[in-house]
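Here's the structure, in structure tokens; my notes come after.
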Protein chains: 2
Amino acid sequence: MEPIYIRIFKDIEAKILSGDWRPGDRIPREHDLVDDYGCSRMTVSKALTALVERGLVVRKRKTGSFVAAPQINRTVMDIQDIGTAATLAGYEHRHEILTRKIETLGPVEAAQLNSIAGVEILRIHCLHIVDGKPTAVERRIILLDTVPLARTESFVGAPPAKWLLSQVPWSKAKHVIRAVSADAATARILKIDRGDPCLNLIRQTWQNDRMVTYVEITHPGDRFQFAGIFHPAESALRQQP
Amino acid sequence: MEPIYIRIFKDIEAKILSGDWRPGDRIPREHDLVDDYGCSRMTVSKALTALVERGLVVRKRKTGSFVAAPQINRTVMDIQDIGTAATLAGYEHRHEILTRKIETLGPVEAAQLNSIAGVEILRIHCLHIVDGKPTAVERRIILLDTVPLARTESFVGAPPAKWLLSQVPWSKAKHVIRAVSADAATARILKIDRGDPCLNLIRQTWQNDRMVTYVEITHPGDRFQFAGIFHPAESALRQQP
DNA sequence: GACCCGCTTTTGACTATACAAATAGATATA
DNA sequence: TATATCTATTTGTATAGTCAAAAGCGGGTC
């Protein structure tokens, strides 16, 4: 028999991850959940505390509890929203959409992504420019099945990573980081020499086992690095500021 | 006024991070903590739950709660114990200590590491060989002040990363990941060509604001990558298996 | 309008207690 | 001796409340 607080946790998590409750939505008050589940407030509170810890919920006295804005707040992901990182470091950042087209996923790529051939995808190539210098090429595939709104999104206002994050909470992410030599096309776009070392990041994201996006980001080795400071303690205890 | 459960959390955390209570040591029973702090068992339990979440404590019915074996279980770190990663992937792994000497930290390096010149350090160069191929050069500095036992450790049995982990729990870590070209020395050791792309990882670790170690690991780009799958949910709820 | 005051809602911390589940160690049995 | 059974200990979940702190809201005063 599953503990009640875990049932509550999973129920709410499911509502959020499925997109049923969207970022900013208010979630039921503790008292209502007490009524719904027929349990004590401590039990509800335990579930909500875990959801805050998980990063899906924010709570505020008097106002209530809300679905949190999805955030890349853990693990490597911290490092990888180029725009935010650049802004934080005090640099000016802009991006250019190089190509943007709707296709169907071919069999080879489907196998590679562990997805199914024939589904509709949006393929985007995007260049990131930080401090006036080309700093990353982003080659991305978005599954239109999972994110239908992407079909009409131009990505001019916010780059794909940022836009996606505001649309879809992720439940699983896979990363690969490697060093590669620049191929001809990449070298031309980034204005570096062929063969120069590049930092290559691949990220694939799922929402409840439905693939959301696959992206490969290539940085010139001399113009970018991933950096992060980790205090493992911080996450466990979160006193209000 | 700080909540009691946070006081308990911090007290125990401090005992563990200072090395006062060592991995495997039993920590006071909940009932004893109740007496010590003059609070209810629920409050103690909340603190202990947070410590489990933080990864510092394991609890077991009937037997009690214990200081957890330090583990690299979060963030990028998952990926970076070469030996473990190699073994998991089914490869044979061994390492060779190339050089090992005790020095004092020079002013330039001290500034670079944000440490103080003149302190005694152990400098180690180490080669990692996976599946018969040289896969990483590790250049490491260990502060003998913080880790006195390192003075007499040969690192033949366990490579420095693993040995350190068993000795010192970390409270803060800083990472940098970049792509670089192999310099002459690195190329020779790794048996690659000068200029080949390499994945370069720098990690600096502290225990309570005392620096523990600084390490730079260089991988041939074609022979190594960091990969990881993240389920942000897992950490928040930890049901007993 | 600008400011202060108090009311009300909602979460935050905590208590004292109860019973359940796991299990190490002792005891009894074949 | 080996195995099954019991028991005591310790954590795990849950209850049903209390009091406190934050903060939105409205009213009154100047």
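So you know, we letter chains A, B, ... as the sequences are listed, proteins then strands, and number each from 1.
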Subject >> Integer-rounded Å distance: D/dG12 P and A/Glu2 CD >> reply: 17 Å

Original post:
Do you know which two heavy atoms are closest between A/Gln204 and A/Leu113, and how far apart they sit?
Top reply: NE2-O, 2.8 Å

Subject >> A/Asp25 with A/Arg22: basic N within carboxylate O range, under 4.0 Å >> reply: no

**OP:** Let me know the distance between CZ of B/Arg61 and C1' of D/dT11, rounded to the nearest Å.
**Re:** 6 Å

Original post:
What does A/Ser65 touch in the nucleic acid at a heavy-atom separation under 4.0 angstrom: a base, only the sugar-phosphate, or nothing?
Top reply: sugar-phosphate

Original post:
Separation of B/Phe66 atom CZ from C/dT23 atom P, in whole Å?
Top reply: 13 Å

**OP:** Return yes if some donor-acceptor pair links the side-chain N/O of A/Arg178 with the main-chain N/O of A/Ile202 below 3.5 Å, else return no.
**Re:** no

Subject >> Main-chain N/O of B/Phe155 paired to B/His95 side chain as donor or acceptor, under 3.5 Å >> reply: yes

**OP:** Quickly work out the A/Lys46 NZ to C/dT11 P distance and round it to whole Å.
**Re:** 19 Å

Original post:
C/dA13 P sits how many Å from A/Leu48 CG, rounded?
Top reply: 13 Å

**OP:** Return no unless some side-chain N or O of B/Tyr5 is found under 4.0 Å from OP1 or OP2 of C/dA13.
**Re:** yes

Original post:
Heavy-atom count around A/Asn208 CG within 6.0 Å, excluding the residue itself: above 12?
Top reply: yes

**OP:** Could you pick out which residue, A/Thr49 or A/Lys62, lies toward the 5' side of DNA chain C when each is mapped onto its nearest nucleotide?
**Re:** A/Lys62

Original post:
OP1 or OP2 of C/dG12 sitting under 4.0 Å from any side-chain N/O of A/Arg59?
Top reply: yes

List every contact pair, protein side and nucleotides 15-18 of chain D side both N or O, where the distance is under 3.5 Å.
unit_1 : atom_1 : unit_2  : atom_2 : d
D/dT15 : OP2    : A/Ser40 : N      : 2.7
D/dT15 : OP2    : A/Ser40 : OG     : 2.9
D/dT15 : OP2    : A/Thr43 : OG1    : 2.6

Original post:
Can you tell me how far C1' of C/dC14 sits from CD1 of B/Ile8, to the nearest Å?
Top reply: 11 Å

Subject >> Atom pair distance, as rounded to whole Å: OH in B/Tyr37 and P in C/dA16 >> reply: 18 Å

**OP:** Return the value, rounded to whole Å, for the distance between atom NE2 of B/His31 and atom C1' of C/dT17.
**Re:** 14 Å

Original post:
Of the non-hydrogen atoms in A/His219 and A/Ile217, which two are nearest, and what is the gap between them?
Top reply: NE2-CG2, 3.4 Å

Original post:
Does A/Lys60 make a side-chain N or O approach to OP1 or OP2 of D/dG24 shorter than 4.0 Å?
Top reply: yes

Original post:
With sequence neighbours excluded, what pairs up with A/Arg59 under the salt bridge (Lys or Arg N to Asp or Glu O under 4.0 Å) test?
Top reply: A/Glu30

Subject >> For the student: nearest non-hydrogen atoms of B/Ile97 and B/Ser154, plus distance >> reply: CG1-O, 4.0 Å

Original post:
Do any of residues 22-30 of chain A sit with a heavy atom less than 4.0 Å from DNA chain C, and if so which?
Top reply: A/Arg26, A/Arg29, A/Glu30

**OP:** Report, as yes or no, whether the 6.0 Å neighbourhood of atom CG on A/Asp209 holds more than 12 heavy atoms from other residues, nucleotides or ligands.
**Re:** no

